[in-house]
Protein chains: 2
Amino acid sequence: MDKDITIYDIAKGVGFSPTTVSRALNNHPAVNQKTKQRIYEIATQMGYRSNMFASNLRRQRTHTIGVIVPILNSSFQSSVMAGMEKVATEAGYNLIISQSMGTAEKEVANAKTMFNSRVDGLLVSLAHDTENIDHFEPFFKKGIPVLFYDRVAEHKQSTSIVIDNVQAAYKATTHLIEQGCRNIVHISGNLKINVYANRLKGYKYALIDHNLPFRESLVITNNLTEEDGIKAAEQILKMKPRPDGVFVSNDFCAVNCMKALKQAGISIPHDIAVVGFNNDPITRVVEPSLTTIDYPGYEMGEVAVRSLINYLDALSDISITNTITLRSELIVRESSLRKLQK
Amino acid sequence: MDKDITIYDIAKGVGFSPTTVSRALNNHPAVNQKTKQRIYEIATQMGYRSNMFASNLRRQRTHTIGVIVPILNSSFQSSVMAGMEKVATEAGYNLIISQSMGTAEKEVANAKTMFNSRVDGLLVSLAHDTENIDHFEPFFKKGIPVLFYDRVAEHKQSTSIVIDNVQAAYKATTHLIEQGCRNIVHISGNLKINVYANRLKGYKYALIDHNLPFRESLVITNNLTEEDGIKAAEQILKMKPRPDGVFVSNDFCAVNCMKALKQAGISIPHDIAVVGFNNDPITRVVEPSLTTIDYPGYEMGEVAVRSLINYLDALSDISITNTITLRSELIVRESSLRKLQK
DNA sequence: TTGTATGCGTTATCAC
DNA sequence: GTGATAACGCATACAA
């Protein structure tokens, strides 16, 4: 438990002032190359490590990025985290992560903690029941950049990173139509959340553009849990005429719905074709394998951190960039393939 | 972008000294209740937030816990993170997370960053190819508690949190034997890692205790990836006599192996029974559903942080506690059930 | 119960 | 190129 080495100790060791040591360690141009060399050597030799608090205190910057995420243990969110971590570490930033457990209440508390931790910037994917984003006001007021990803909210002082959910849902629905489906059910989440609202839109537009009627009765709204998938299957089985296609806003829910339908004797995709959303690993495992929308979580994390750092370094201005849209893709698998491949 | 409020500002506002303000805000007993009340009010009213750097600098404590994890986007690891985050936040600690991407090289770099970030304690799950733990020496030297979980290493100054992998594997293998399997293949990961080495042991012991021969040729060692599962299936199909049971050290690998076997016309569990490890969500989705060992990731995360905080608060001594073992459980599903349930 | 003075380790400012 | 000094905001030893 030896005492920490400070720049004063180094200064004594090399016969320079602490100022020069500090400058050398920060690679300041106005320090003689040889001096730098010597100071570096002594510093490593003495086992020096810079004290980030002192430095942060002085510089008023933390080199820390806060992340508020609904729930960590989801395939999508953990991919996002992985992407974020990679870029952040490369750029010399630390990531502090907190989860809102999907509730606005915890999200508010987490925002406060992040504010008190004086993060340089904040990355947020909103909770299910977040009604407004007043709890981020302190950040906006102080000019701390806040960046939303996936589950976003509009704010003139923040950027959003998303995929084009309307287009993705449009593609998914169109694909079902092309496979001959005419009675397509859509299982959606809380429509207050941008992603689900937009997917519903895409579904609707696709129907309309292909001269199919949009029927409220074919839209099932729930929390997209595994059980919700099973319940949705029961609802579908009761519908008359029986639907011939289902587009679900979440893979896990889709998989469970599909399994429940299968158990009820429905043949997938022959009787009912199914499309999910997210490209979760389970989509490749389930039988039949699930057609889905590939959701670039890892890339989203990378882009989010990179953009944030650009704002921090004043390379770009947050009030100019409104939305960054990532590419998503329909991945066709067995669960929806009713026609022979072309 | 207004200026930050400090305890000095509050002091002026209430007519007390900064000292009293500081004490009041820290709920120091030697401050008059009414004074505290007034100071609290003014503080919140003025929008005060404590400056953690100044505080950290003064106290020489960061209230930050470092986590080094092989890879974030795995079902198990993200569950662990979720558990960690919950307990840490409740206790007023921040979590900074970094991933080693499974390589010792990055692990060394991350350890250094964590050290420089002056984390109060460190939680580590080791990379695949970590040969020694010298890179944690600086922590040991400075008395910073290091706690290993899941993929652990022995060190007299650190605690390990694990499940009893020997016993779990023993249970899994015994279950296969009880289902009538006599020729059981074991698919394992890198045997330098404690978890895989111990599972191999458990497999071996179970065979021996049931008077079955242990054969090296029935142990397949790979990286437990999805492709490795498929390759392993090919190996199994070539074995003579054909094995009638497979115990895989990882669910994802197991699932892919099972699917490959099915495609080759093998009936599961009739021809070959399969057991996995981890209780990943896919085990419930795959057909037939996969028998596996439930691995308490979330709980492991909770326990890890709680233990660490206990050390930090000197409630317990790290050099005394060697290992904390969590309960794990065999979950029997269709993939191994060859006999009727009792 | 409250206040004064000091230091935590750095970096920015100004002077040489 | 280099150095002296102050300041960042807080917590504590000591004094009252």
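All chains are named by letter (A, B, ...) in the order of the sequence lines, taking the proteins before the strands, and each is independently numbered beginning at 1. Side chains are part of it too, since the values below use all heavy atoms of this structure and drop only hydrogens, waters and symmetry mates.
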What is the distance from [atom1] of [X] to [atom2] of [N], rounded to the nearest Å?
| X | N | atom1 | atom2 | result |
| --- | --- | --- | --- | --- |
| N56(A) | dA7(D) | CG | C1' | 16 Å |
| Q37(B) | dT1(C) | CD | C1' | 17 Å |
| F16(B) | dT1(C) | CZ | C1' | 9 Å |
| R61(B) | dA11(D) | CZ | P | 14 Å |
| K12(B) | dG3(C) | NZ | C1' | 16 Å |
| N27(B) | dA11(D) | CG | C1' | 15 Å |
| I39(B) | dG3(C) | CD1 | C1' | 12 Å |

Do the side-chain N and O atoms of [X] and [Y] include a donor-acceptor pair separated by under 3.5 angstrom?
| X | Y | result |
| --- | --- | --- |
| N110(B) | S100(B) | no |
| T6(B) | Y48(B) | no |
| S78(A) | N73(A) | no |
| T20(A) | S17(A) | yes |

With respect to the side chain of T35(B), which nucleotide from dT2(C), dT2(D), dG9(C) is positioned closest?
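Selected nucleotide (nearest to the side chain): dT2(C).
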
For L57(B) and for V31(B), locate the closest nucleotide of DNA chain C by heavy-atom distance; then report the residue assigned to the nucleotide nearer the 5' terminus.
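Mapping each residue to its closest nucleotide by heavy atoms, the 5'-most match is V31(B).
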
For residues M84(B) and L123(B), report the shortest heavy-atom separation together with the two atoms involved.
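The answer is CE-CD1, 3.7 Å.
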
Answer yes when R327(B) and E299(B) have at least one side-chain N-carboxylate O distance shorter than 4.0 Å, and no when they do not.
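Looking at E299(B) together with R327(B), the answer is no, because their closest N to O distance does not fall below 4.0 Å.
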
Sort me out a list of protein N/O and nucleotides 10-12 of chain C N/O pairs below 3.5 Å, or just none if empty.
unit_1  : atom_1 : unit_2 : atom_2 : d
dT10(C) : OP1    : Y48(A) : OH     : 2.5
dT10(C) : OP1    : N51(A) : N      : 3.3
dT10(C) : OP2    : I7(A)  : N      : 2.9
dT10(C) : O4     : Y8(A)  : OH     : 3.3
dT11(C) : OP1    : N26(A) : ND2    : 3.3
dT11(C) : OP1    : R59(A) : NH2    : 3.2
dT11(C) : OP2    : S22(A) : OG     : 2.7
dT11(C) : OP2    : N26(A) : ND2    : 3.2
dT11(C) : O2     : R58(A) : NH1    : 2.4
dA12(C) : O4'    : R58(A) : NH2    : 3.0

Taking only the side-chain nitrogens and oxygens of Q60(A), find out if one of them lies under 4.0 Å from OP1 or OP2 of dG9(D).
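Yes, Q60(A) has a side-chain N/O under 4.0 Å of OP1/OP2 on dG9(D).
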
